[in-house]
Undergrad: 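The following block contains the structure, expressed as structure tokens.
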Amino acid sequence: MDLEFIIKALDQEEKIELARMLHQDLNVPNINPLPSVMNLNQKLLCPHCGTDAIYGHGTYKGRKRYKCRDCKKTFNEHTGTAISGIKKVDKFEEYMALLVESVTIRKASSTIGVNMKTIFDWRHKLLSSLAPVNSQSFSGIVEGDDKQMKLNNTDSGNLNRNRTAAPGTEKEV
């Protein structure tokens, strides 16, 4: 069955639940309540070296910063996530909803009111955040089906044009 057909058959409440589940599986934090994204019960670790020897280091652009005592690097709660460095976080969330609906970059750009280059960059940020999920390799026997494709070599410049001349029009060189 086609995944797009299944998603279109869902009602609004089921689509919201699907989006919530995708947020969890992609390790993308819920960004609606921006000032407090961190879970207070979760121990904060340095995203660079993994130690818990950190302390508060002020704020930057409205976000609380932390500094690691071991590696001396600073970070915030979004460092290492898909929304790290994104300025228009509210519009990014709108884009994620459109991404679930498989909207093209051009259409998402016009819907949200953001440049196509920005949407393109956001898409690649999300894809790179999925890299750990997609890095699993196959083991054992892997089989694949043949696929036939039409090839067009006109752009390659390596065409073999051994055409024969019409009878009686041969020229000697």
Side-chain angles (χ1 to χ4, degrees), residues 1-50 52 54 59-66 73-152:
M1 215 175 217
D2 189 41
L3 184 60
E4 184 178 353
F5 177 76
I6 294 170
I7 292 174
K8 286 182 179 180
L10 298 174
D11 64 14
Q12 188 64 25
E13 193 172 293
E14 291 171 328
K15 286 181 182 178
I16 291 170
E17 178 64 18
L18 175 63
R20 187 191 62 74
M21 289 173 21
L22 286 173
H23 273 92
Q24 286 177 334
D25 288 346
L26 298 177
N27 194 20
V28 177
N30 184 4
I31 50 183
N32 275 337
L34 183 60
S36 169
V37 175
M38 299 295 295
N39 182 354
L40 297 177
N41 297 329
Q42 181 181 6
K43 191 167 193 170
L44 188 59
L45 300 175
C46 174
H48 305 289
C49 66
D52 63 348
I54 61 164
T59 60
Y60 180 69
K61 294 186 178 180
R63 294 184 183 166
K64 183 147 178 57
R65 305 246 343 130
Y66 304 93
K73 293 184 180 181
T74 62
F75 58 95
N76 65 20
E77 63 264 13
H78 300 304
T79 302
T81 66
I83 61 172
S84 175
I86 291 182
K87 296 176 180 113
K88 300 173 183 176
V89 178
D90 56 329
K91 295 197 180 264
F92 182 75
E93 186 170 323
E94 290 178 46
Y95 171 66
M96 287 185 55
L98 293 174
L99 187 66
V100 170
E101 298 171 14
S102 299
V103 173
T104 64
I105 292 175
R106 188 177 305 273
K107 187 165 184 176
S109 171
S110 63
T111 302
I112 298 173
V114 175
N115 190 309
M116 278 185 13
K117 172 76 167 104
T118 304
I119 299 290
F120 184 79
D121 291 343
W122 288 352
R123 177 170 286 192
H124 282 276
K125 270 189 165 262
L126 285 170
L127 291 175
S128 67
S129 71
L130 293 174
V133 175
N134 292 333
S135 66
Q136 298 172 353
S137 61
F138 294 109
S139 63
I141 299 172
V142 179
E143 296 181 15
D145 291 333
D146 293 336
K147 179 167 175 94
Q148 294 181 353
M149 300 184 300
K150 292 182 181 180
L151 296 178
N152 182 355

Undergrad: When rounded to the nearest 0.5 angstrom, what is the spacing between NZ in Lys91 and CD in Glu93?
TA: 12.5 Å
Undergrad: Does Asn76 reach the side chain of Lys64, with side-chain heavy atoms less than 4.5 Å apart?
TA: no
Undergrad: Angle class for the Trp122/Tyr95 ring planes (parallel below 30°, perpendicular above 60°, tilted otherwise)?
TA: tilted
Undergrad: Looking only at non-hydrogen atoms, find the nearest pair between Cys49 and Cys46 and report the distance.
TA: N-SG, 3.5 Å
Undergrad: Distance from Arg65 atom CZ to Phe75 atom CZ, nearest 0.5 Å?
TA: 8.5 Å
Undergrad: Got a sec, which pairs hit side chain to side chain donor-acceptor pair (under 3.5 Å) with one end in residues 99-113, sequence neighbours left out?
TA: none
Undergrad: Answer whether the closest heavy-atom distance between the side chains of Phe92 and Leu126 falls below 4.5 Å.
TA: yes
Undergrad: Rounded at 0.5 Å granularity, tell me how far NZ in Lys88 sits from CD in Glu94.
TA: 11.5 Å
Undergrad: Find the distance between OG1 (Thr79) and CZ (Arg63) and round it off to the nearest 0.5 Å.
TA: 9.0 Å
Undergrad: Check whether any side-chain heavy atom of Thr74 sits under 4.5 Å from a side-chain heavy atom of Tyr60, and report yes or no.
TA: no
Undergrad: Which pairs of donor and acceptor atoms, one on a side chain in residues 112-119, lie under 3.5 Å apart (sequence neighbours left out)?
TA:
{"unit_1": "Asn115", "atom_1": "OD1", "unit_2": "Lys117", "atom_2": "N", "d": "2.8"}
{"unit_1": "Lys117", "atom_1": "NZ", "unit_2": "Asp121", "atom_2": "OD1", "d": "2.9"}
{"unit_1": "Lys117", "atom_1": "NZ", "unit_2": "Asp121", "atom_2": "OD2", "d": "3.4"}

